[in-house]
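Take a look at the structure set out below.
Chain letters run A, B, ... following the sequence lines, proteins first, then strands; residues in each count from 1.
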Amino acid sequence: MNPAIQGLLTIAIGVGGCLSYFYFSNQFLDKVLFPAKGPNAGKNINRANLVRPWLFLLPAIFALGLYLAYPVIETIRLSLTERQTMPDGTTVYNFVGLANYSQMASEPKFWEAMRNNMLWLIVVPALSTAFGLLAAQLTDRISWGNIAKSLIFMPMAISFVGAAVIWKLVYDARPPGTEQIGVLNAIYTWMTGNDPQQWLTIPLWNSFLLMIVLIWIQTGFAMVILSAALRGIPEETIEAAIVDGANPFQIFFKIKMPQIAGTIVVVWTTITLVVLKIFDIVFAMTNGQWETQVLANYMFDKLFRANDWGVGSASAIVIMLLVTPILVWNVRNARKEMR
Amino acid sequence: MDNIAGTKSSLTWAVHISVVVLVALWLFPTVGLFVSSFRTADQISSSGWWNALFPTEQSLTLRTASPEEQVLVDGVYVIEGNLFAGEGLSDEIDMSSWGTSSRDIGAYAPGDTAELRDGEQITVQANGNYRLQSPVEMEGGRGQRIFVTAELPPDFTLANYQQVLFSGDRTDSMTKAFFNTLTVTIPATIIPIVVAAFAAYALAWMDFAGRALLIAMVVGLLVVPLQLALIPLLKLHLGIGIGKGYLGTWLAHTGFGLPLAIYLLRNYMVGLPRDIIENARVDGATEFQIFVKIILPLSFPALASFAIFQFLWTWNDLLVAKVFLIDATGQTTVMTNQIVELLGTRGGNWEILATAAFVSIAVPLLVFFAMQKYLVRGLLAGSVK
């Protein structure tokens with residue numbers, strides 16, 4: 001079957017199925033199970049209203065449970081096992097304790113990925129937020145600010161893979177003596193007169209060059225959120241500061257910054273989450289060679305090239321552990337708000 | 001807020017200039033790829049794309065007409081013609097130098113006469129007119145090679161798009177991947193919206209035990225890295241017979257998109273006026289009717305926000321497609337994967353890479369510029385509390 005028709009069918013079945021599930025289950029509840037008539041009408045309405053939320057929630061709970069909650073448990077289990085194919089073709093999972101973790105800890109590639117992930121964690125959120133704040137602060141004061149904003153925001157729509165191609169062209173190197181078509185080398189050779197460099201193969205430099213790609217994408221996000229926060233600052237506080245003779249920098253750092261501190265934290269953590277999961281950029285640009293490995297790509301490597309599900313799961317758990325503090329913090333905030 | 005940070009005009013100018021610089025920096029890489037997608041391979045490798053907008057000095061390898069065209073004039077064999085005409089170039093080009101050997105391509109100035117073997121002589125004018133003469137009859141099938149250095153005007157071509165979109169070439173063609181991506185994206189965008197909308201309504205407007213806990217769970221699942229789900233779900237899909245394919249991909253995208261969908265929609269629905277819903281309840285509307293007739297239409301902005309997120313995310317996704325969709329046959333490749341493969345096989349062919357990348361970027365960019373308002377609204381609802 002043509003996948004396009006299959007797709008349309010799935011939309012029809014999926015959407016139609018969902019809608020008819022909701023419709024008929026509600027009908028069943030109201031008309032058959034607890035009809036709102038007869039001697040128990042009042043009681044039945046109450047009973048029906050007790051059940052109904054779960055009808056509305058069932059598909060979502062099922063999908064969330066199967067696609068997000070169950071995998072967390074299963075990954076923990078798999079990380080403690082070793083996959084083995086028996087002579088008769090069946091696959092068994094033998095419990096090996098922490099062997100996968102100790103094997104992972106003995107691999108230099110893993111520590112390289114950890115180190116790089118830490119570098120990414122420090123550099124990308126900080127610079128994205130800083131540039132975003134700068135862009136928000138500047139574009140809010142000019143007449144064509146909205147156009148400028150949407151141009152800086154644009155990379156958000158570009159895929160990580162597309163961004164990888166865009167930036168590979170920027171970092172491209174041609175042999176010495178020929179004209180450079182990568183901007184970075186064109187500027188470098190013109191300024192220093194040295195030979196062009198294969199930037200993506202120089203350890204440490206290349207990691208930072210990959211980070212630039214993500215900063216380029218995330219700055220727009222930071223800008224949009226921070227700009228809304230800046231506009232939400234009460235005018236009176238700023239006017240009062242002007243009356244007191246504060247200069248623009250004092251106003252920015254002493255009046256505005258403290259008032260948007262909460263938003264800065266939110267932006268920072270959101271970008272941190274993106275960074276922890278960063279995969280496509282590294283995969284497409286260097287594939288972890290020349291000491292640019294990161295955790296998510298390391299995991300993908302283990303999973304599909306080494307075919308080692310145990311160590312792959314163990315590295316996924318490491319990513320999960322790094323995310324956990326943010327998870328806890330988010331949940332606590334959400335609960336605080338609900339009260 | 002112009003008046004706030006001082007009204008000095010110098011500062012205003014500094015702001016304008018800074019923003020121009022910032023925007024230019026942010027646009028520059030994308031523009032580079034865009035311009036490159038309209039250049040030929042030769043142009044891309046001989047000069048940076050930033051030169052493409054201006055006339056550039058280029059070296060061309062051209063040929064005179066073949067010896068068959070020679071005519072006998074006053075006892076010498078002569079071939080006359082214009083070097084540029086045969087190449088579809090304008091004869092208004094002004095060449096700066098020319099040569100007959102690849103070792104010294106700039107040996108002669110326009111108007112000079114070069115001695116070739118067998119007593120042949122060639123004179124080339126600045127506009128490309130040449131006169132090749134020989135005392136004996138010239139032989140061979142092809143004309144004399146001439147290397148020309150000249151300023152060429154900017155020149156753009158649609159040939160790359162032709163190649164990438166319509167050629168049907170196995171490695172270069174993006175058409176199939178384009179439709180595959182579309183096939184992944186549309187159900188993966190619509191289905192989670194429907195499922196999430198009902199759940200969000202229950203979480204926003206129905207009272208039941210455990211509601212707060214469920215909301216907290218959704219917030220928690222919001223940040224669970226999808227890397228964690230890859231192995232167990234692949235195992236599950238292989239186990240229950242879905243295998244690698246569209247169905248599994250749609251389900252996976254639905255599962256991964258749900259927390260954000262529920263979160264965004266619930267936050268929006270909670271803000272809807274309580275009166276409307278309670279009036280409807282009093283008037284005897286069932287919860288299902290309230291949801292379909294009142295809540296859904298009123299929640300359109302939030303639905304649109306999430307739809308854009310999910311669309312961009314599924315369109316741009318590489319990891320989920322690689323794990324759940326693309327099998328060994330490669331029939332179901334998506335554009336992001338196709339581009340990664342092109343990076344491997346045609347890493348140096350920037351004209352193909354740039355064009356392929358732009359084909360895949362074009363749709364999200366269109367969506368982005370058309371629906372930016374909803375995207376921004378969704379971002380704000382999703383992260384600022």
Side-chain angles (χ1 to χ4, degrees), chain A residues 3-4 7 10-11 14-15 18 22 26 52-53 56-57 59-60 63-64 67-68 71-72 74-75 135 138-139 141 148 151-152 157-159 161-162 165-166 169-170 179 181 186 224-225 228 238 248 266 270 273 277 279-280 284 296 299 309 313 316 319-320 323 326-327 330-331 334-335 338, chain B residues 2 4-6 15-16 18-19 22-23 26-27 29-30 32-33 47-48 183 187 190-191 194-195 198-199 202 206 208 212 216 219-221 223-225 227-229 231-233 246 254-255 258 287-288 312 316 318-319 336 339-340 343 353 357 360-361 364-365 368 372 376 379-380 383-384:
Chain A
T10 310
I11 297 178
V15 174
C18 280
F22 287 117
N26 272 286
R52 199 183 325 276
F56 275 64
L57 284 165
L64 285 179
Y67 277 84
L68 286 168
V72 176
E74 178 70 358
T75 305
L138 291 177
T139 52
R141 314 165 147 221
L151 292 176
I152 295 177
I158 295 175
S159 61
V161 174
V165 176
I166 289 176
L169 180 60
V170 172
E179 188 147 358
I181 66 166
V224 165
I225 307 246
I238 297 162
V266 170
T270 311
L273 287 172
K277 295 184 272 188
F279 161 75
D280 315 34
M299 185 212 158
W309 286 20
S313 298
I319 301 177
M320 183 69 211
V323 171
I326 298 176
L327 188 151
N330 271 3
V331 170
R335 299 207 65 142
M338 299 260 296
Chain B
D2 271 329
I4 286 159
V15 170
H16 277 281
S18 318
V19 176
L22 208 56
V23 169
W26 250 252
L27 269 186
T30 319
L33 196 78
S47 64
T183 312
I190 294 176
I191 296 174
V194 179
V195 175
F198 280 95
M206 291 175 167
F208 59 94
V219 173
L221 291 178
V223 300
V224 167
Q227 270 83 5
L228 225 62
I231 305 178
L233 290 181
Y246 287 111
T254 301
L258 266 185
E287 297 284 341
F288 188 80
L312 290 180
N316 290 339
L318 172 69
L319 188 54
T336 44
I339 292 169
V340 171
L343 272 174
L353 264 176
S360 93
I361 293 172
L365 282 186
F368 172 83
Q372 205 183 54
V376 170
L379 273 184
L380 293 177
S383 40
V384 177

Ignoring hydrogens, what is the shortest heavy-atom contact between A:Leu327 and B:Gly220? Give both atom names and the distance. CD1-O, 3.4 Å
Do you know which of B:Leu27, B:Leu221, B:Val223 has the most heavy-atom pairs under 4.5 Å to chain A? B:Val223
Closest heavy-atom pair and its distance - B:Ile361, A:Gly162: CD1-CA, 4.2 Å
Given A:Leu169, A:Asn26, A:Thr75, A:Leu57, the one with more heavy-atom pairs under 4.5 angstrom with chain B than any other is A:Leu169
Toward chain A, the part of B:Gln227 with a non-hydrogen atom under 4.5 Å: both
Heavy-atom cut-off 4.5 Å, strictly under: side chain, backbone, both or neither for A:Phe279 against chain B? side chain
Could you tell me how the ring of B:Phe198 sits relative to the ring of A:Phe22: parallel (under 30°), tilted (30 to 60°) or perpendicular (over 60°)? parallel
So what's closer than 4.5 Å to chain B heavy atoms on A:Val165: side chain, backbone, both or neither? both
Which bit of B:Leu233 is near chain A, if near means a heavy-atom gap under 4.5 Å: side chain, backbone, both or neither? side chain
Please name the pair of heavy atoms, one in A:Ala316 and one in B:Leu228, separated by the smallest distance, quoted to 0.1 Å. O-CD1, 3.2 Å
Most chain B-contacting option - heavy-atom pairs closer than 4.5 Å, from A:Val72, A:Leu151, A:Ile158: A:Ile158
Looking at B:Val194, B:Leu365, B:Thr30, B:Val376, which makes the most heavy-atom pairs under 4.5 Å with chain A? B:Thr30
Answer key: most heavy-atom pairs under 4.5 Å with chain A among B:Val19, B:Ile339, B:Ile191, B:Val23 is B:Val19
Just how far is it from atom CG of B:Leu22 to atom CG of A:Leu138, taken to the nearest 0.5 Å? 7.0 Å
What part of A:Met299 is in contact with chain B, defined as an atom under 4.5 angstrom from a non-hydrogen atom: side chain, backbone, both or neither? side chain
As a quick check of understanding, evaluate side chain to side chain contact (heavy atoms under 4.5 Å, CB included) for A:Ile326 and A:Leu273, giving each step before the final call. CA-CA 8 Å; A:Ile326 298 176; A:Leu273 287 172; 4.0 Å; yes
When B:Ala202, B:Pro29, B:Gly255, B:Ser18 are compared by non-hydrogen pairs under 4.5 Å with chain A, the top option: B:Pro29
Between B:Ala199, B:Ala357, B:Ala212, which shows the greatest number of heavy-atom pairs under 4.5 Å with chain A? B:Ala199
Portion of A:Ile152 that has a non-hydrogen atom of chain B nearer than 4.5 angstrom: both
A:Ile225 versus A:Val266: any side-chain heavy-atom pair under 4.5 Å? no
Counting heavy-atom pairs under 4.5 angstrom with chain A, the leader among B:Thr254, B:Ile190, B:Leu312, B:Leu258 is B:Leu258
State, to 0.1 Å, how close A:Thr139 and A:Ala148 come at their nearest heavy-atom pair, and which atoms those are. CG2-CB, 3.8 Å
Is there a donor-acceptor contact under 3.5 Å from the side chain of A:Asn330 to the main chain of B:Val219? no
